Every structure is written in C-alpha cells, then in structure tokens.
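Just so it is clear, the model here is predicted, and its values are computed rather than measured. Both ligands and their constituent atoms are indexed starting at 1 by order of listing.
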Amino acid sequence: MIPMVDLQAQYASIKEEIDTAVLGVLASGRFALGPEVAAFETEFATYCGTSHAVAVSSGTSALHLALLAAGVGPGDEVITVPYTFVATVAAIRYTGATPVFVDIEPHGCTMEVAQVANAITPRTKAIVPVHLYGQAADLDPLQTLAREHGLVLVEDAAQAHGAEYRGRPVGGLGDLGCFSFYPGKNLGAYGEGGIVVTNDGTHAEAIRSLRSWGEDQRYHHARQGFNYRMDAIQGAVLRVKLRHLPAWNDARRRIAATYDRLLQDTGVTTPTVLAHGTHVYHLYAVRTWRRDALHDALETAGIHSGLHYPVPVHLQPAHADLGGGVGDFPVAEAAARSTLTVPIYPELPDGVPEQVAEVVRRTLAA
Ligand SMILES: *Cc1c(COP(=O)(O)O)cnc(C)c1O
C-alpha cells in the first residue's frame with residue numbers, strides 16, 4: 001500500500017543526525033524541557049519571525065494555553081470554523097468559553113471572513129482562524145476586525161508550518177500562533193509536541209508558567225497550571241528536523257504541482273492556492289461528488305487516501321450541546337461530503353501521482 005505519510009522513509013533520510021541528537025539527550029539525563037527545548041524555541045521563533053516561542057506537549061495544549069494567556073474563560077465566546085480537526089474546538093471549550101462557528105469559504109476552505117462581523121457579540125473575546133491543509137486564512141481583515149472590537153487573534157497553524165501570508169510566515173501574524181508537532185504534521189516530533197509563538201512577552205511568560213504547574217519559581221505556584229511541558233527528546237528531534245523543513249515544504253510543493261498537472265480534466269477539483277499566500281500542502285485535498293467511489297477505487301489500487309474531515313465539528317455528537325444542526329454551515333458540510341486527500345509527503349515515491357491520476361481518470365469516467 002502507498003501510505004498517506006511515510007515516517008520510516010523520513011527517518012532513514014536523517015537517521016545519523018537524529019540518532020546523535022537523541023543519544024545526546026539520553027546521556028544528558030535531562031528529559032523534560034532543558035537546553036534542547038530552549039534552543040528549539042529560539043530557532044522556531046526565528047523561523048516564524050516572532051520574539052518568543054514557548055514549547056508545549058501538543059498542538060492542543062498550545063491552543064489551550066494561548067487562549068488562557070489571552071484571558072479567554074467562562075462566559076466568553078470564541079469565533080472559529082466547524083471545518084477543522086476537532087482539537088481547535090476542544091481547546092476553546094477547555095477554557096470554559098463557548099465556540100461560535102462561522103462557515104468556511106469554498107476555495108481554500110478557510111474562515112469566511114465576511115461572516116465574522118455578524119458573529120461578534122459583546123461576549124466575543126477571540127477569533128481562531130485555521131490555516132487548513134497548509135495555507136493561511138485571510139488574516140488582514142481578521143486583524144482589522146480584532147482591533148476594532150478589542151479581540152485577540154489566535155492562529156491555529158497546526159497544519160501550516162512555513163506557509164506564508166503576504167510574504168510573512170504564519171503563526172506570528174496574529175496575537176498568538178499555535179503549532180502542532182504531531183508526527184504526521186509537516187514538522188513532526190517522534191511523539192507529541194506543540195508550540196505557541198508570539199511577540200507579546202507577557203503572553204509568553206504566562207504560557208511558560210501555565211505549561212509547568214503555574215510555577216513562578218520552583219514549588220511556588222502563582223496560578224493553577226498544567227503539565228504541558230515538551231520532552232527534551234522532542235526538542236532535540238525538532239531542532240534537527242526544522243533544518244530540513246524548508247526543503248521538505250519545497251518537495252511537497254513540487255509534488256502538488258505534479259498532481260495539479262496530472263489531475264487536470266479528470267473530473268476532480270484540485271486545490272486552489274489563495275492569492276494572499278503560499279501553500280505548504282500538509283494535505284493535498286481534491287473535491288468530487290463521487291468521493292466515496294474514488295476513495296474505494298484508490299484503496300483497491302493499493303493507495304491510501306483520507307477523509308479530512310468527514311463530519312464538521314458542529315455535527316459531531318461530542319459538541320451537540322452547542323446546538324448545531326444540518327444546514328447551518330452549508331459550505332463546510334459540502335466540503336465534508338466531497339473532499340478526499342491523497343498521499344503527499346517529501347519522500348513520496350516517483351510515479352505515485354501518475355498512479356493516482358490513472359485511478360481518478362478511470363473511476364470518474366465510469
Ligand atoms: C493536529 C491539529 C491540532 C491538534 O494538534 P495535536 O498536536 O494533535 O494536539 C489542532 N488543530 C489542527 C487544525 C490540527 O490539524
């Protein structure tokens with residue numbers, strides 16, 4: 001089977017560097033935070049063009065702490081999209097705030113900016129756009145709305161390490177930016193990890209404290225906090241991998257260009273690159289109303305493909321108490337029914353896009 005991502009192939013390509021880095025941590029005896037994590041924070045902040053980065057245990061904890069640092073809590077509303085991985089919404093709910101959904105735009109499947117103004121109420125505290133599949137939501141108008149209404153803009157950049165918006169890397173454009181280092185992400189740890197980037201030193205300090213039991217000094221707890229620290233091994237692994245990320249994102253873009261060319265006139269809609277930015281293709285998502293038939297045909301041909309995401313969050317049983325129903329967000333619901341993601345990763349073997357295109361052509365012609 002051709003997988004959706006091949007982490008063994010990636011490890012093989014950087015084995016020596018990784019082994020040295022991991023063995024160094026084992027020998028150091030320091031396994032939580034420590035110098036490797038601190039160095040990674042500095043390097044990742046530089047990569048994003050921010051003055052601060054605080055490493056945490058996952059993308060979910062990054063979102064949770066970013067929202068807490070921004071003062072989001074019970075009684076507040078946070079505007080986000082229903083067409084995302086469920087963690088975006090879960091993190092909002094961890095704070096006690098209520099998620100308020102707006103639909104996505106149909107081209108890049110990112111937040112429909114035109115709907116945000118109408119969703120703002122006196123209780124609104126923050127806006128959380130998601131840079132879905134590896135490309136930025138339209139941040140400038142969201143920034144303007146946030147300033148006008150005194151709201152915090154928190155970017156969910158979990159799928160978009162290295163993507164640019166108007167020439168600047170995502171994550172550092174809002175008040176706070178959150179990344180995931182789940183193994184399959186464009187920059188993935190060998191385990192769980194996440195980070196918050198920001199130019200606000202007060203927010204950064206709050207997150208540093210919150211990730212480690214609200215300590216201000218050892219065993220003095222200024223605030224209630226969490227055990228959301230990053231492992232030292234993940235810091236060491238991520239330092240190695242960050243050096244390869246630009247080349248890996250370039251490889252993803254080259255593969256996407258090949259798919260774009262081969263899938264022309266086959267009946268699927270290929271991804272739209274929004275004019276305001278660059279795409280890092282965490283996922284290559286095509287659209288067709290015969291999505292399920294195509295999913296089956298690819299499986300039969302030995303090629304995994306994915307549903308990202310088959311059920312929008314407003315229709316998930318876990319979040320039924322928010323009162324969502326079928327028809328509330330028609331663009332998200334249509335995307336959930338028609339989107340299929342096909343294998344894209346830097347080590348994708350030559351010839352796979354040709355195989356995928358052949359199956360698409362055959363299936364949709366039938
Ligand atoms: C992966 C992801 C998250 C959560 O990150 P974890 O590291 O898995 O906790 C949040 N939002 C989006 C859009 C994601 O893709």
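A salt bridge links R239 with E36: the closest approach of a Lys/Arg side-chain nitrogen to an acidic carboxylate oxygen falls below 4.0 angstrom. A salt bridge links R93 with D321: the distance from a Lys NZ or Arg NE/NH1/NH2 to an Asp or Glu carboxylate oxygen falls below 4.0 Å. Under 4.0 Å is where a charged nitrogen must lie from a carboxylate oxygen, and between R208 and E215 no such pair does. Looking at E41 and R211, a side-chain N of the basic residue comes within less than 4.0 Å of a carboxylate O on the acidic one, giving a salt bridge. Salt-bridge formation is not detected for the pair R243/E43: no Lys NZ or Arg NE/NH1/NH2 atom is positioned less than 4.0 Å from an Asp or Glu carboxylate oxygen.
At a threshold of 4.5 Å between non-hydrogen side-chain atoms, the residues T80 and I92 count as touching.
Residue-to-ligand polar distances place G59 within reach of ligand 1: an N/O pair is separated by less than 3.5 Å. In terms of polar-atom proximity, Y182 is not counted as a contact of ligand 1, lacking any N or O under 3.5 Å from an N or O of the ligand.
When L283, D156, I195 are checked for heavy-atom proximity to atom 13 (C) of ligand 1, D156 turns out nearest. Heavy-atom proximity to atom 7 (O) of ligand 1, evaluated over P183, S180, G194, is greatest for S180.
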Checklist entry - Can you list the steps and then say if T50 with N199 is a side chain to side chain donor-acceptor pair (under 3.5 Å)? => result CA-CA 5 Å; T50 59; N199 288 310; 5.0 Å; no

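Here S58 has heavy atoms under 4.0 Å from ligand 1 in both its backbone and its side chain. Only the side chain of T84 comes within contact range of ligand 1, with a heavy atom under 4.0 Å; no backbone atom does.
Closest protein heavy atom to atom 9 (O) of ligand 1: T60 OG1, 2.5 Å. Among all non-hydrogen protein atoms, the one lying nearest atom 15 (O) of ligand 1 is Q159 NE2, 2.8 Å. For atom 2 (C) of ligand 1, the closest non-hydrogen atom on the protein side is K185 NZ, 2.7 Å.
Among residues two or more places apart in sequence or in another chain, the side-chain contact (heavy atoms from CB on, under 4.5 Å) test is passed with D296 by none.
Atom numbering of ligand 1 starts at 1 in the shown order; those under 4.0 Å from a heavy atom of V130 are 13 (C). Against a heavy-atom cut-off of under 4.0 Å, T88 is close to the following atoms of ligand 1: 11 (N). Residue A87 has at least one heavy-atom neighbour below 4.0 Å for each of these atoms of ligand 1: 3 (C), 4 (C), 10 (C).
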